[in-house]
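What follows is a set of notes on a single structure, which appears directly below.
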Amino acid sequence: MTVSLDLVDVDSLLTAEEVDVRATARRFADERLRPALPEWFETASIPARELAKELGALGFLGMHLTGYGCAGVGPVAYGLACLEIEAADSGMRSLVSVQGSLAMYAIWKYGSEEQKNEWLPRMSAGEAIGCFGLTEPDFGSNPAGMRTNARRDGDDWVLNGSKMWITNGSVADVAVVWARTDDGVRGFVVPTATSGFSAPEIKQKMSLRASVTSELVLDDVRLPASAMLPEARGLSGPLGCLNEARFGIIFGAMGAARDCLETTIAYAGERIVFDKPLAAYQLTQAKLADMAVELNKGILLAVHLGRLKEKGTLRPEQVSVGKLNNVREAIAIARECRTILAANGISGDYPIMRHANNLESVLTYEGTSEVHQLVIGQALTGHSAFR
């Protein structure tokens with residue numbers, strides 16, 4: 001029996017284009033990603049370049065941007081694509097988000113026309129992969145403390161420092177790197193073939209194993225003056241990019257939650273316990289009902305925030321509301337689903353524990369829950385509690 005989890009008719013809020021984009025993303029997830037994910041997660045290895053080209057051919061890279069080969073779809077369509085891809089795996093959605101909402105968005109929003117023409121068409125096609133270097137080993141939630149620096153040497157810039165936990169880093173062709181200068185924090189477009197740049201991959205991850213995560217090391221990386229992003233000055237540049245990426249997470253986390261719940265309902269319908277299906281017990285149905293309610297609330301919130309983004313009125317604290325709520329509820333759903341599957345819940349034959357492990361990373365990247373609580377708290381009280 002096929003069961004719809006759309007208890008509140010979210011589909012009635014969507015346009016035909018949004019439904020089509022969602023369907024395309026779901027087919028790609030079902031046909032290309034799901035069959036391979038258990039092995040990718042087990043081996044902590046993905047065919048990143050191959051996947052990037054396939055995603056680019058579907059128009060999913062930088063899909064919410066306009067021009068330069070980008071699809072130019074609306075925020076909700078982009079969000080629904082993130083939801084379907086993360087329903088397969090959070091690492092897959094991270095590849096899309098970092099490419100489109102961090103690396104590409106930084107160049108699209110803050111770059112020169114030359115930078116845009118050089119990189120965006122290739123990145124949208126998946127022919128070039130990008131990464132985004134902001135987080136440092138000692139400075140995650142406090143990017144203002146970054147130590148990576150850029151100094152002038154004649155007409156050139158020379159960058160030194162390191163970045164940590166960088167998605168796509170080891171396979172990237174270009175890195176958007178944020179560094180401290182005498183003129184404040186500035187962004188630089190760094191081709192990864194530049195002398196002095198290296199990106200050792202981070203191993204032994206217990207989460208996001210179907211994703212490339214790296215350190216970036218900049219050792220006297222010499223760049224021309226034209227490498228600087230001309231329109232980004234101070235932390236408002238990278239923080240603006242992070243809000244773009246967080247928007248995709250608001251939808252994406254609900255995809256992981258939905259996949260857990262769909263898997264669990266199907267399992268509970270087939271699993272016989274004391275001579276009747278597990279799904280026929282009141283305790284099981286209570287758990288499923290509570291999870292379905294939170295899933296539907298989260299998707300409604302995501303679509304509403306998408307409509308605000310369409311109008312250009314979406315505020316940072318509203319993004320924080322979405323990220324805080326939806327990731328927190330998604331990981332709670334994954335954990336509850338695991339209890340219904342019992343021992344099978346930890347098996348790689350089912351996606352539950354993989355989603356739960358991945359969501360542990362999603363919970364803290366692009367702003368920890370605590371950071372988003374403080375953003376919301378400042379909006380409520382007018383007082384900053386960050387220091």
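Every value quoted in this text rests on a predicted model; they were computed, and no experiment measured them. Note: hydrogens, waters and symmetry copies are ignored here, and every other heavy atom, side chains too, is used.
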| task | Check step by step if side chain to side chain donor-acceptor pair (under 3.5 Å) holds for Ser162 and Glu136. | result | CA-CA 6 Å; Ser162 64; Glu136 297 191 355; 5.9 Å; no
| request: Dump the intermediate steps for salt bridge (charged side-chain N to carboxylate O under 4.0 Å, His left out) on Glu201 and Lys203, then the final yes or no. | output: CA-CA 6 Å; Glu201 187 172 356; Lys203 302 289 188 179; 3.6 Å; yes
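Taking the ring centroids of Trp157 and Phe188, they lie under the 6.0 Å cut-off.
Summarising the local packing, CG of Asp182 is surrounded by 12 or fewer heavy atoms from other residues, nucleotides or ligands at distances under 6.0 Å. Within a 6.0 Å sphere centred on CD of Gln282, other residues, nucleotides and ligands contribute 12 heavy atoms or fewer.
Annotation: side-chain hydrogen bond (donor to acceptor under 3.5 Å, both in side chains) contacts of Glu270 (sequence neighbours excluded): none. For Asn357, there are no side-chain hydrogen bond (donor to acceptor under 3.5 Å, both in side chains) partners at least two apart in sequence or on another chain. Looking at residues two or more places apart in sequence or on another chain, you find no ring pair (Phe, Tyr, Trp, His ring centres under 6.0 Å) involving Phe60. Residues passing the side-chain hydrogen bond (donor to acceptor under 3.5 Å, both in side chains) test with Asn149: none are found, sequence neighbours excluded. Listed by chain and residue number, Asp89 satisfy the side-chain hydrogen bond (donor to acceptor under 3.5 Å, both in side chains) test with Asn358 (two or more places apart in sequence, or in another chain).
Under the 4.5 Å side-chain heavy-atom criterion for grouping Ile, Leu, Val, Met, Phe, Trp and Tyr, Phe197 is not connected to Leu102 through any hydrophobic cluster. The hydrophobic cluster containing Leu95 does not contain Phe41, counting ILVMFWY residues as joined when their side-chain heavy atoms lie under 4.5 angstrom apart, directly or transitively. Cluster annotation: Tyr267 and Ile265 are assigned to the same hydrophobic cluster (Ile/Leu/Val/Met/Phe/Trp/Tyr, side-chain heavy-atom contacts under 4.5 Å, transitive). Hydrophobic clustering (side-chain heavy atoms under 4.5 Å, transitive across Ile, Leu, Val, Met, Phe, Trp, Tyr) groups Leu65 together with Trp119. Under the 4.5 Å side-chain heavy-atom criterion for grouping Ile, Leu, Val, Met, Phe, Trp and Tyr, Met164 is not connected to Ile166 through any hydrophobic cluster.
Counting only distance, with no hydrogens or angles, the side chain of Glu336 and the backbone of Lys287 share no donor-acceptor pair below 3.5 Å. Not one N or O on the side chain of Arg315 forms a donor-acceptor pair closer than 3.5 Å with the backbone of Val319. Between the Thr181 side chain and the Gly184 main chain, a donor and an acceptor come within less than 3.5 Å of each other.
The list of salt bridge (charged side-chain N to carboxylate O under 4.0 Å, His left out) pairs with a residue in residues 33-51, not counting sequence neighbours, reads Asp30-Arg34, Arg32-Glu50, Arg34-Asp259, Arg49-Asp173.
Contact detail for Pro316 and Asn243: the closest heavy-atom pair is CB-ND2, 3.7 Å. Across every non-hydrogen atom of Gly91 and Leu208, the tightest pair is N-CD2, 3.6 Å. The shortest non-hydrogen separation linking Leu301 to Asn325 is CD2-ND2, 4.1 Å. Closest of all the heavy-atom pairs between Gly169 and Ala199 is O-CB, 3.5 Å.
A salt bridge links Arg186 with Asp183: the closest approach of a Lys/Arg side-chain nitrogen to an acidic carboxylate oxygen falls below 4.0 angstrom. Classification of Glu18 and Arg22 as a salt-bridged pair fails, no side-chain N sitting under 4.0 Å from a carboxylate O. Between Arg246 and Glu244 there is no salt bridge, since no side-chain nitrogen of the basic residue lies less than 4.0 Å from a carboxylate oxygen of the acidic one. Salt bridge Arg335/Glu360: present, at least one basic N to carboxylate O contact under 4.0 Å. Ion pairing between Glu294 and Arg328 fails under the 4.0 Å rule for side-chain N and carboxylate O. The pair Glu86-Arg93 meets the salt-bridge criterion, since a charged nitrogen lies less than 4.0 angstrom from a carboxylate oxygen.
Using a 3.5 Å distance cut-off with no hydrogens or angles, the side chains of Tyr78 and Ser101 do pair a donor with an acceptor. Under the 3.5 Å distance criterion, with hydrogens and angles disregarded, no donor-acceptor pair is assigned to the side chains of Asn117 and Tyr68. Counting only N and O atoms by type, the side chains of Asn344 and Asp349 include no donor and acceptor under 3.5 Å apart. Defined by atom type and a distance below 3.5 Å, a donor-acceptor pair is present between the side-chain atoms of Lys205 and Thr213. A donor-acceptor pair shorter than 3.5 Å cannot be found between the side chains of Tyr365 and Thr135.
Between the CD atom of Glu317 and the CG atom of Leu324 there is a distance of 13.5 Å, given to the nearest 0.5 Å.
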